[in-house]
Amino acid sequence: MRASMPIERTLILCKPDAVSRGLVGEIITRIERRGYVIAAMKLLQLAGDAARDHYAEHRGKPFFDDLVNFITSGPIVAVAAEGEGAIEGCRQLMGATNPLAAAPGSIRADFAQTIGRNLIHGSDGATSAERELKLFFDDRDFVSRRHDLERWMRE
Ligand code: IDP
Ligand code: MG
């Protein structure tokens with residue numbers, strides 16, 4: 001029997017640079033190829049208050065205002081990605097926060113140059129995933145992908 005991790009949901013944001021550069025498909029492709037499934041997804045533009053809530057942990061840091069200004073500057077795509085160990089797995093797909101430190105082959109290493117334009121957000125743990133998903137999605141936004149996940153896990 002194969003070892004298994006809990007099925008998790010994580011919040012992925014394709015930030016405004018990803019949308020304007022036409023990299024949404026590339027990002028989602030990598031998430032899907034890893035075997036995580038999309039359980040909910042939407043295109044939206046964040047208002048300032050919602051952005052400040054989402055990034056509340058960074059309030060008071062020197063880059064906070066720039067971060068909020070950037071994330072509200074254009075449309076983003078929010079994705080709830082689901083799968084075994086999806087939170088850490090998506091962090092791995094993203095790469096380190098600074099693209100210069102990101103592992104080759106990760107999204108940030110392959111497509112981004114600077115920390116302020118690093119294309120993608122992903123929740124960094126179970127508590128933040130739960131909190132952040134609620135900011136973007138209602139219960140009724142989620143569709144069950146149980147059958148797809150089970151098929152993947154049998155292979
Ligand atoms: P993460 O996105 O890899 O989880 P966090 O530390 O949560 O990184 O920071 C949130 C976002 O804030 C980063 O993705 C990046 O865009 C921005 N950021 C973080 N640290 C800095 C910094 O030192 N200067 C400028 N922007 C930063
Ligand atoms: Mg973070």
Side-chain angles (χ1 to χ4, degrees), residues 4-139 141-142 145 149:
S4 66
M5 297 269 298
I7 300 288
E8 297 174 336
R9 269 185 193 156
T10 187
L11 175 73
I12 298 298
L13 299 179
C14 302
K15 295 182 183 182
D17 48 347
V19 175
S20 67
R21 291 175 58 196
L23 290 170
V24 173
E26 177 70 43
I27 290 168
I28 291 176
T29 293
R30 287 170 177 231
I31 292 168
E32 289 189 306
R33 278 190 191 153
R34 180 74 177 259
Y36 306 132
V37 300
I38 298 168
M41 179 160 75
K42 61 176 75 160
L43 174 79
L44 71 150
Q45 185 159 353
L46 276 179
D49 284 350
R52 283 184 284 275
D53 277 354
H54 170 68
Y55 280 126
E57 65 181 291
H58 298 302
R59 207 179 288 264
K61 294 185 185 169
F63 59 85
F64 184 71
D65 288 347
D66 285 345
L67 181 58
V68 169
N69 287 337
F70 177 61
I71 201 77
T72 57
S73 68
I76 62 175
V77 172
V79 177
E82 192 173 88
E84 267 188 79
I87 297 172
E88 192 184 337
C90 285
R91 294 289 297 185
Q92 212 174 59
L93 289 175
M94 290 160 58
T97 308
N98 184 342
L100 288 174
S106 64
I107 291 164
R108 285 165 167 171
D110 285 357
F111 300 109
Q113 295 180 12
T114 64
I115 197 165
R117 297 289 183 275
N118 61 5
L119 295 170
I120 178 170
H121 167 84
S123 308
D124 65 5
T127 308
S128 55
E130 196 184 344
R131 185 185 76 82
E132 293 170 2
L133 284 163
K134 282 202 196 109
L135 298 174
F136 287 85
F137 298 110
D138 291 325
D139 285 348
D141 292 326
F142 290 96
R145 300 297 307 275
L149 282 171

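Order of appearance sets the numbers: ligands from 1, and atoms from 1 within every ligand. In this chain, numbering begins with 1 at the start of the sequence shown.
- The nearest heavy-atom contact from the protein to atom 15 (C) of ligand 1 is Ile115 O, 3.2 Å.
- Closest approach of Pro16 to Ile71, counting heavy atoms only: CG-O, 3.8 Å.
- Taking every heavy atom of both residues into account, Lys15 and His121 meet most closely at CE-N, 3.9 Å.
- Within ligand 1, counting atoms from 1 as listed, the ones closer than 4.0 Å to a heavy atom of Asn118 are 13 (C), 14 (O), 15 (C), 16 (O).
- For atom 1 (P) of ligand 1, the nearest non-hydrogen atom of the protein is Thr97 OG1, 3.5 Å.
- The protein heavy atom nearest to atom 4 (O) of ligand 1 is Arg91 NH1, 2.8 Å.
- Numbered from 1 in the order shown, with element, the atoms of ligand 1 that lie under 4.0 Å from a heavy atom of Lys15 read 13 (C), 14 (O), 16 (O).
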Would you please test Glu26 and Leu119 for side-chain contact (heavy atoms from CB on, under 4.5 Å) and show each step?
CA-CA 11 Å; Glu26 177 70 43; Leu119 295 170; over 6 Å; no
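- Scanning both residues, Ser123 and Ala129, for their nearest heavy atoms gives OG-CA, 3.4 Å.
- Looking at His58 and Phe63, their side chains come closer than 4.5 Å, going by heavy atoms from C-beta outward.
- Put simply, no part of His54 is less than 4.0 Å from ligand 1, judged by heavy atoms.
- Taking atom 5 (P) of ligand 1 as the reference point, the nearest protein heavy-atom neighbour is His58 NE2, 3.5 Å.
- Seen from the ring of Phe137, Arg9 does not count as a face-on cation partner, given the 6.0 Å and 45° thresholds.
- By the 3.5 Å distance cut-off applied to N or O atoms, Tyr55 is not counted among the residues near ligand 1.
- At a 4.0 Å cut-off, not a single heavy atom of Lys61 sits close enough to ligand 1 to count as contact.
- Heavy-atom neighbours of Glu57 CD from other residues, nucleotides or ligands within 6.0 Å: above the threshold of 12.
- Ranking the protein heavy atoms by distance from atom 2 (O) of ligand 1 puts Arg108 NH2, 3.0 Å first.
- Here the side chains of Arg30 and Ile120 are not in contact, with every heavy-atom distance at 4.5 Å or above.
- Protein heavy atom in closest approach to atom 11 (C) of ligand 1: Leu67 CD1, 3.8 Å.
- Side-chain atoms of Ile76 and Phe136, non-hydrogen and from C-beta on, do get closer than 4.5 Å to each other.
- Closest protein heavy atom to atom 22 (C) of ligand 1: Phe63 CD2, 3.5 Å.
- In this structure, Glu57 has no heavy atom closer than 4.0 Å to ligand 1.
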